Amino acid sequence: MNRVTAFGWVPSFAQGSVRDLRVRWALEEAGVPYGDHLIGPEDQASPAYRALQPFGQVPVYRDDKVQMFESGAIVLYIAQTSDALMPTDQAGRAMVMTWLFAASNSVEPMVGELAGMDLFHAGEDWVAARRPQVETMLRKRLADLQSALGERNWFANDVFSAADIIMTAVLRDLRHTAILADYPALAAYVARCEGRPAFRRALADQLAPFRAAEASQPELAGR
Ligand SMILES: N[C@@H](CCC(=O)N[C@@H](CS)C(=O)NCC(=O)O)C(=O)O
């Protein structure tokens, strides 16, 4: 059985953003059955888990051939086994890899810096000084990204691919802000991706254990 590690519970700000979502979504799009292995802080710290994921993070992915960490690499690996996520021609595959790395390396660092300030350091003095600069740089990057998308529906080859999984996951990390509304083509793109049945199933499967944990431990709800 293919297996993905995920957390048994996370605080509400992280629910729907934990990176096992990317892998679940890729597997759903590819039609690959899988199970999840839910972990908590003790597992994260254990030598056995560190042997699988050196930083104690999720996701880890295992199937009968490979054992991997890093969500982008895992999604790329799954894509290489499924033409639902990557075309078969070399030029098309190169474009998927290009946009997947663009999401991770050219968009995510700015989104991550902004989200990190908002979610972990809100109200701190240094954030008041730094956040406007980060938002300005991010908005420039989003404007360029929107121009690059142009009239197309999807980033690589104008066909849904693994690149759209990573790009959407990155852009969704702005949903605590109204920024994306200023880039209507990107907002519509994210909505289009979130409307895919595979995304909905993946999200529901990530959230289900959180709801179960909150039902059995009501003190967790709303945290
Ligand atoms: N670059 C890694 C990052 C993984 C990551 O940041 N995972 C987070 C959840 S989204 C995590 O496990 N955080 C807990 C921690 O760092 O202790 C990937 O994409 O897989």
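For reference, positions follow the sequence shown, starting with 1. As the structure lists them, so they are numbered: ligands from 1, and atoms in each ligand from 1. None of these values were measured; they are calculated from a predicted model.
Phe120 forms part of a hydrophobic cluster together with Phe13, Leu119, judged by ILVMFWY side-chain heavy-atom separations under 4.5 Å.
A 4.5 Å side-chain heavy-atom check between Asp205 and Tyr34 finds at least one atom pair inside the cut-off.
Cluster membership check: Leu114 shares its hydrophobic cluster with Trp126, using side-chain heavy-atom separations under 4.5 Å among Ile, Leu, Val, Met, Phe, Trp and Tyr.
Trp25 and Phe199 have their aromatic ring centers within a separation under 6.0 angstrom.
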Could you pull out the N/O contacts under 3.5 angstrom between ligand 1 and the surrounding protein atoms?
from: ligand 1; atom 1: 1 (N); to: Glu70; atom 2: OE1; distance (Å): 2.7
from: ligand 1; atom 1: 1 (N); to: Glu70; atom 2: OE2; distance (Å): 3.2
from: ligand 1; atom 1: 6 (O); to: Gln57; atom 2: NE2; distance (Å): 3.4
from: ligand 1; atom 1: 7 (N); to: Val58; atom 2: O; distance (Å): 2.9
from: ligand 1; atom 1: 12 (O); to: Val58; atom 2: N; distance (Å): 3.0
from: ligand 1; atom 1: 16 (O); to: Gln57; atom 2: NE2; distance (Å): 3.0
from: ligand 1; atom 1: 17 (O); to: Gln44; atom 2: NE2; distance (Å): 3.1
from: ligand 1; atom 1: 19 (O); to: Arg19; atom 2: NH1; distance (Å): 2.9
from: ligand 1; atom 1: 19 (O); to: Ser71; atom 2: N; distance (Å): 3.4
from: ligand 1; atom 1: 19 (O); to: Ser71; atom 2: OG; distance (Å): 2.6
from: ligand 1; atom 1: 20 (O); to: Ser71; atom 2: N; distance (Å): 2.8

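We find the CD-CZ distance between Glu70 and Arg22 to be 9.5 Å, quoted to the nearest 0.5 Å.
In this pair, Phe155 and Tyr189 present their aromatic rings perpendicular. The plane angle is above 60°, beyond the 30 to 60° band.
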